[in-house]
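Right, one structure below, let's go through it.
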Amino acid sequence: MKPRLKIRDLTLRDGQQSAFATRMTQQQIDRVLPFYQNAGFYAMEVWGGAVPDSVMRYLHENPWDRLEKIKAAVGESSKLTALSRGRNLFGYNPYPDSVIDGFCREAIDSGLGIMRIFDALNDINNIKSTIKSVKKYGGIADCAVCYTIDPHFSTTERLKAQLKGKKLPHKIFTDDYFLTKAKQMEALGADMITIKDMSGLIPPSRVAALIRLFKKNLSIPIDFHTHCTPGYGLASVLSAIVNGVDIIDTNIWYFAGGPAAPPIELIYVFCQKLGIDLDLDMEAIEKINGELLYIRKELEAYDVIKQYPNKFSPLRDQLPEAVDKLFDTAIKAAQQNNEEVLIQACHGIEAHFGFPKPDELVKKAEIPGGMYTNMVAQLKQLKSEFILQRAMELIPRVRLDAGLPPLVTPTSQIVGVQAVNCALDEKNGKPQYTNVSNQFRNLVKGEYGETPVPVDPEFRFKIAGVREETPYDTSAYEMQPNPLLADCGNTPLAENNKEQLLLELFPTVAKDYLMKFKKEQYQKIHAKETGINGHDNLPDTDKKQAEKITGQIIAAPMPGRIFQLLVKPGDTLASGENVLILEAMKMENNISSPYSGKVKQILVNIGDFVPEGTPMLEVE
């Protein structure tokens, strides 16, 4: 009997998130679902990650509808998978067990089969609740060990640290470290383990060692997930296959390569040569790919790759002799663990088919490609692109100060934004860590969990005001408000558990989405009675008429969205007191008043996007 390899298709979640900013509409997804029903993928990752946020924020669609519609179309032919950030679920803040349990219950009820659970710190305590709830409601718990590497410090940096009485750490993220985490997950009830290489930084020889180690010491299936950005992706997947991995993650041709995972079509060629059965209907996959080509063209404005691979059918196209030989060379090199030859052969294959070259900048920086592109976009927004190099240089130091967290969402974003803030502090002649996001403060405080190395108590005191690690206090959690909408017949903003969960996970985005949705629904029902022809004509009770400004103005220090107002007109302020929270670069930033006095007027609303310099409050 032929050996079998299971395939998890990432196209409709990680694929479109990596390459097209998660902008696929439901209508576009509906066009490929009939073919997916016949494709035979073991699993399809369709939800989680940035999908719930993006479909509300940019597409004005309901995330629960997306999951349920895919389930209705695909049925039992493939298990549907979502990506969950452990105690953080899909957001940037920890949640209590009651929210986690409710979320898992509703997700599985809506069609989810597998929940891939990871924690950005690899803190096992942060995934316990999700494992328990997923299994309680009949789902499969796929627990992911986040692969990361130790930061590189030059000899000069190490000498400077020693002169200051500090010792920079050496090897933390060893093979034994990752195996220990996987064994702990298995003991908690994990049904499978994923080696999650979110940065694409794991080379083939390291994959080979980890797969062999995991297969020897674990009794549950092993999945391997990686990306192609720095140039290891295809070679590392082949290395995983020849070393006995049970499941691999791939994308379909036109959504593969570059920042995304390797293409299933090339994996199919390798497996044909290796005598491995994928149990896939490649004819159906070709039909999906044909439609994806049109969809990719429709998403051109969001295409971060800007490079289409050459058309290829593994069923119909004969490989040129030289390219066919590259496949054979790669297989032999993988079997012999000859990393250099394996990587060169895979690069030759990718070049022949027109996939993007390795991103040497991301490879050198040793950070996730998405983290790098986020930093570039954020600095452009701040008109400070010139500090990019300095921000990149600061990442290892900021990461170490914060306890050496793996760089995966949300810690990659938290560390990246803080490196940007530190570089901006330097530019403005201020000490580093003058501006600190609430999320970085909470990470250092201990609210995200236990970091791989302890945080210096004095640094923790400087940033968070406490010296002892302080875990997240679930008893202090307050549910998001669920007001009645007076202009929609006193309909609650969230009318059921699913809508309430959206409010909990995405307070600002879900509020905007649900308010617009409820107004549109109310208008449709009552249009004939009221004569209203569009929801823009509904009364807007949030609009404020600004009075003439005569006092001191507190302006936005950076572009962002008003997340929370902490004061009201008439309140007396002391200098340095926080007045509002500004959401910028996905981080929450406390904005304080440089003035003492009384709040005369608030010039912004919750949810408003404000450019840098926008007047927000007047103090007199």
Side-chain angles (χ1 to χ4, degrees), residues 52-57 60-65 85 87-107 410 437-439 441-442 447 472-523 535 538-544 560-571 577-584 586-591 599 601-610 616-617:
D53 181 310
S54 292
V55 299
M56 287 189 292
R57 187 191 296 264
H60 310 295
E61 296 177 359
N62 189 318
W64 296 104
D65 287 350
R85 301 168 189 157
R87 187 164 286 285
N88 302 103
L89 293 176
F90 298 156
Y92 283 75
N93 299 304
Y95 292 96
D97 287 356
S98 58
V99 173
I100 293 170
D101 189 74
F103 166 76
C104 292
R105 181 185 65 246
E106 297 293 350
S437 73
N438 290 352
Q439 280 79 7
R441 184 175 293 109
N442 292 340
E447 291 198 358
Y472 172 67
D473 182 7
T474 58
S475 67
Y477 183 82
E478 294 182 8
M479 297 287 283
Q480 292 295 321
N482 184 19
L484 297 176
L485 304 180
D487 51 2
C488 296
N490 284 327
T491 299
L493 180 61
E495 295 184 78
N496 53 51
N497 288 337
K498 287 185 171 69
E499 290 180 348
Q500 183 66 52
L501 283 164
L502 293 179
L503 277 180
E504 297 307 315
L505 271 59
F506 314 100
T508 305
V509 174
K511 180 184 176 184
D512 290 349
Y513 164 74
L514 289 172
M515 287 188 73
K516 180 179 180 182
F517 176 74
K518 299 300 162 101
K519 286 183 178 183
E520 289 175 345
Q521 292 298 106
Y522 187 80
Q523 172 221 314
H535 81 271
L538 286 166
D540 191 341
T541 56
D542 288 334
K543 293 293 182 185
K544 291 182 173 69
R561 184 185 294 269
I562 305 300
F563 182 76
Q564 187 177 353
L565 297 170
L566 304 176
V567 296
K568 59 184 183 300
D571 285 355
E577 184 175 346
N578 292 332
V579 294
L580 60 81
I581 298 176
L582 182 70
E583 186 185 50
K586 294 187 178 180
M587 298 292 105
E588 296 168 15
N589 300 270
N590 284 327
I591 306 301
V599 179
Q601 59 178 329
I602 297 174
L603 305 168
V604 291
N605 300 307
I606 294 175
D608 285 355
F609 180 83
V610 292
M616 299 186 296
L617 281 85

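If you read the sequence from its start, that first residue is 1, and numbering goes on from there.
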Indicate yes or no: does Arg87 engage Glu447 in a salt bridge with an N to O separation below 4.0 Å.
-> no
Measure from the side-chain N and O atoms of Asp608 to the backbone N and O of Asn605, and report whether any donor-acceptor pair falls under 3.5 Å.
-> yes
When rounded to the nearest 0.5 angstrom, what is the spacing between CE in Met56 and CD in Glu61?
-> 11.5 Å
How many angstroms lie between atom SG of Cys104 and atom CG of Leu89, to the nearest 0.5 angstrom?
-> 7.0 Å
Side chain to side chain contact (heavy atoms under 4.5 Å, CB included) assessment of Leu484 paired with Leu493 = CA-CA 6 Å; Leu484 297 176; Leu493 180 61; over 6 Å; no
Exercise: identify the closest heavy-atom pair between Pro63 and Pro52 = CG-O, 3.4 Å
Given Ile606 and Gln564, is the side chain to side chain contact (heavy atoms under 4.5 Å, CB included) satisfied, shown in steps?
-> CA-CA 6 Å; Ile606 294 175; Gln564 187 177 353; 5.5 Å; no
Between CZ of Phe506 and CG of Asp53, what distance do you get to the nearest 0.5 Å?
-> 5.5 Å
Interatomic distance, Phe103 atom CZ to Ser98 atom OG [nearest 0.5 angstrom] = 14.0 Å
How about Leu603 and Leu617: do any of their side-chain heavy atoms sit closer than 4.5 Å?
-> no
If we only count heavy atoms from C-beta on, is the Arg85 to Pro410 side-chain gap below 4.5 Å?
-> yes
Would you say the side chain of Tyr95 lies within less than 4.5 Å of the side chain of Thr474, judging by non-hydrogen atoms?
-> no
Taking the side chain as every heavy atom from C-beta outward, state whether Pro569 and Gln601 have any atom pair closer than 4.5 Å.
-> no
Is there a side-chain contact between Leu485 and Asn490, using heavy atoms and a 4.5 Å cut-off?
-> no
Rounded to the nearest 0.5 Å, how far apart are CG of Leu502 and CG of Asn497?
-> 11.0 Å
Identify the two heavy atoms, one from Val610 and one from Leu582, that lie closest to each other, and give their separation to 0.1 Å.
-> CG2-CD1, 3.7 Å
Do you know which of Ile591, Ile602, Val579 makes side-chain contact (heavy atoms from CB on, under 4.5 Å) with Met616?
-> Ile591
On a heavy-atom basis, the closest approach of Pro96 and Tyr472 is CD-OH, 3.8 Å
Euclidean distance, Cys488 SG relative to Met515 CE, rounded to 0.5 Å | 7.5 Å
Beyond-backbone contact of Glu106 with Trp64, side-chain heavy atoms, under 4.5 angstrom = yes
Report yes if some heavy atom in the side chain of Lys518 is under 4.5 Å from a heavy atom in the side chain of Glu495; otherwise report no.
-> yes
Any Leu503 side-chain heavy atom under 4.5 Å of Leu501 side chain | no
Taking all non-hydrogen atoms of both residues into account, name the closest pair between Asp473 and Ser475 and its distance.
-> OD1-OG, 2.5 Å
Can you name the nearest heavy-atom pair linking Lys568 to Val599, along with the distance?
-> O-CB, 3.6 Å
Indicate yes or no for a side-chain donor-acceptor contact from Asn496 to the backbone of Glu499 under 3.5 Å, with no hydrogens or angles considered.
-> yes
Does a donor on one side chain and an acceptor on the other come within less than 3.5 Å for Glu504 and Tyr477?
-> yes
